[in-house]
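Hydrogens, waters and symmetry mates are skipped; everything else that's a heavy atom, side chains included, is used.
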Amino acid sequence: MNYKAVIFDLDGTLVNSLEDIADAMNTVLKNSHYPTHDYAAYNYFIGHGLLNLVSKAIPQQHNNATEVNRCFEELMTVYSENCVNKTKAYEGVNELLDTLKEKEIIVAILSNKADVLTKKVVQKLFPDYFKIVIGLTTEELKKPNPATAIQISTDLNMPVSQILYVGDSGVDMQTATNANMHAVGVSWGFRPVMELQENGAKTTINTPLELLELL
């Protein structure tokens, strides 16, 4: 297949943002005198949006809509101010993006991170690469809902069959499958390879530059 575009997930795929997210959430937990979590726990909290992360991180006896929303608002403030303290591109990502740019392959980002934060991270770390950058605006559009991925295809005036979808979680693989795009799982992210394969990964790669073999 002659692929002409790639949609990337952000966290765990292009950037390792786990420590910044975890630090921000742990700050919120400390402020509420709740127990904090180690970085390993956040591997399984990340991926379904920050509202969902809050619900997983706070003690279950306090897990009600009012408290989740209060902590979420605080998290948005804390994380927005600290979202690129430790976050950095995975090794090989910049080289991949440079090569895709040389080959005139269009690249886009679709993340379950809040839209304003997604754009802030991308502008800081990848200012000159992506034609479309979209984060989460409403819970109804959260991946694995394929609507936004399909809209990106429409905006690019390109059939879904010509788009690779690259991510690090089962949610990403489900999104790609639901959108009828080729699902590429990355092994260096927040989730195990088995999860990717069980959720529809057609290809798994161990380094960013391996993606070029599909092109």
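Considering only heavy atoms from C-beta on, W188 comes within 4.5 Å of P208 through its side chain. Contact of the E95 side chain with the L209 side chain is registered, since non-hydrogen atoms from C-beta on lie closer than 4.5 Å. T118 places none of its side-chain heavy atoms less than 4.5 Å from the side chain of I134. Annotation: side chain of L10 is not in contact with side chain of F8 (no heavy-atom distance under 4.5 Å). The shortest distance between side-chain heavy atoms of V93 and T13 does not fall below 4.5 Å. In this structure, the side chains of D11 and S111 come closer than 4.5 Å at one or more pairs of heavy atoms. Inter-residue side-chain proximity for V122 and L14 is flagged as unmet; no heavy-atom pair is nearer than 4.5 Å. A heavy-atom distance below 4.5 Å is found between the side chains of T203 and L214.
Interatomic distance, OG1 of T148 versus CD of E140, reported as 11.0 Å (0.5 Å rounding). Atoms CD1 and CD1, from I132 and I106 in turn, are 8.0 Å apart once rounded to the nearest 0.5 Å. With rounding to the nearest 0.5 Å, the separation of CD in E198 from CE in M173 is 13.0 Å. Rounding to the nearest 0.5 Å places CD1 of I46 at 11.0 Å from OG of S169.
A donor and an acceptor atom, one from each side chain of D172 and T175, are nowhere located under 3.5 Å apart. E74 and Y79 form no side-chain donor-acceptor contact under 3.5 Å, judged by distance and modelled atom types alone. N85 and N82 are linked by a side-chain donor-acceptor pair at a separation below 3.5 angstrom, with hydrogens and angles left out of the test. If you check the side chains of D155 and Q151, you find a donor sitting under 3.5 Å from an acceptor. Side-chain contact check for D115 and T137: no donor-acceptor pair (N or O, by modelled atom type) lies under 3.5 Å.
Considering all non-hydrogen atoms of both residues, S187 and V193 come closest at CB-CG2, 3.6 Å. Closest heavy-atom contact between M158 and A5: SD-CB, 3.4 Å. Across all non-hydrogen atoms, the minimal contact from L125 to K88 is CD1-CA, 4.2 Å. In this structure, R70 and S32 approach most closely via the heavy-atom pair NH2-OG, 2.8 Å.
No side-chain donor-acceptor contact under 3.5 Å links R191 to the backbone of L196. Under a 3.5 Å cut-off, the side chain of E195 and the backbone N or O of G170 do form a donor-acceptor pair. Between the side chain of H48 and the backbone N or O of L53, no donor-acceptor pair lies under 3.5 Å. A distance-only check finds no donor-acceptor pair linking the side chain of S55 to the backbone of L51 [under 3.5 Å]. Side chain of K119 to backbone of V133: a donor-acceptor contact under 3.5 angstrom is found.
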- Task: Please step through side chain to side chain contact (heavy atoms under 4.5 Å, CB included) for the pair T36 and K30, ending with a clear verdict.
- Result: CA-CA 7 Å; T36 59; K30 288 177 184 176; 3.6 Å; yes
- Output, in order, the C-alpha distance, side-chain angles, deciding distance and verdict of side chain to side chain contact (heavy atoms under 4.5 Å, CB included) for E67 and I58. CA-CA 9 Å; E67 184 65 355; I58 67 174; 4.2 Å; yes
- Task: Could you check V184 against T204 for side chain to side chain contact (heavy atoms under 4.5 Å, CB included), going step by step and ending with a plain yes or no?
- Result: CA-CA 6 Å; V184 181; T204 56; over 6 Å; no
- Task: Could you check K142 against N52 for side chain to side chain contact (heavy atoms under 4.5 Å, CB included), going step by step and ending with a plain yes or no?
- Result: CA-CA 11 Å; K142 185 166 63 177; N52 184 270; 4.3 Å; yes
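Open room surrounds CD on E104; 12 or fewer heavy atoms of other groups in view lie less than 6.0 Å from it. Within a 6.0 Å radius of NZ in K4, other residues, nucleotides and ligands contribute 12 heavy atoms or fewer. Taking a 6.0 Å sphere around CD of E19, one finds it holds more than 12 heavy atoms contributed by other residues, nucleotides or ligands. No more than 12 heavy atoms of other residues, nucleotides or ligands sit less than 6.0 Å from atom NZ of K131.
The hydrophobic clustering, which links ILVMFWY residues whose side-chain heavy atoms are closer than 4.5 Å, places I163 and F130 apart. I150 is not connected to I152 by any chain of hydrophobic side-chain contacts under 4.5 Å among Ile, Leu, Val, Met, Phe, Trp and Tyr, and they are in different clusters. Under a hydrophobic-cluster definition in which Ile, Leu, Val, Met, Phe, Trp and Tyr are linked whenever side-chain heavy atoms come within less than 4.5 Å, directly or via other members, I21 and M76 are assigned to the same cluster. By the rule that hydrophobic residues join a cluster once side-chain heavy atoms approach within less than 4.5 Å of another member, L117 and F72 end up as members of one cluster. Linking ILVMFWY side-chain heavy atoms closer than 4.5 Å, directly or via other members, places L97 and Y3 in a single hydrophobic cluster.
Ion pairing between D9 and K143 holds under the 4.0 Å rule for side-chain N and carboxylate O.
For K56 and Y44, the positive end is not near the middle of the six-membered ring at less than 6.0 Å and at most 45° from its axis.
Y39 has its ring centre no less than 6.0 Å from the ring centre of Y42. Taking the six-membered ring wherever Trp is involved, the centroid distance between the rings of H182 and Y165 does not fall below 6.0 Å.
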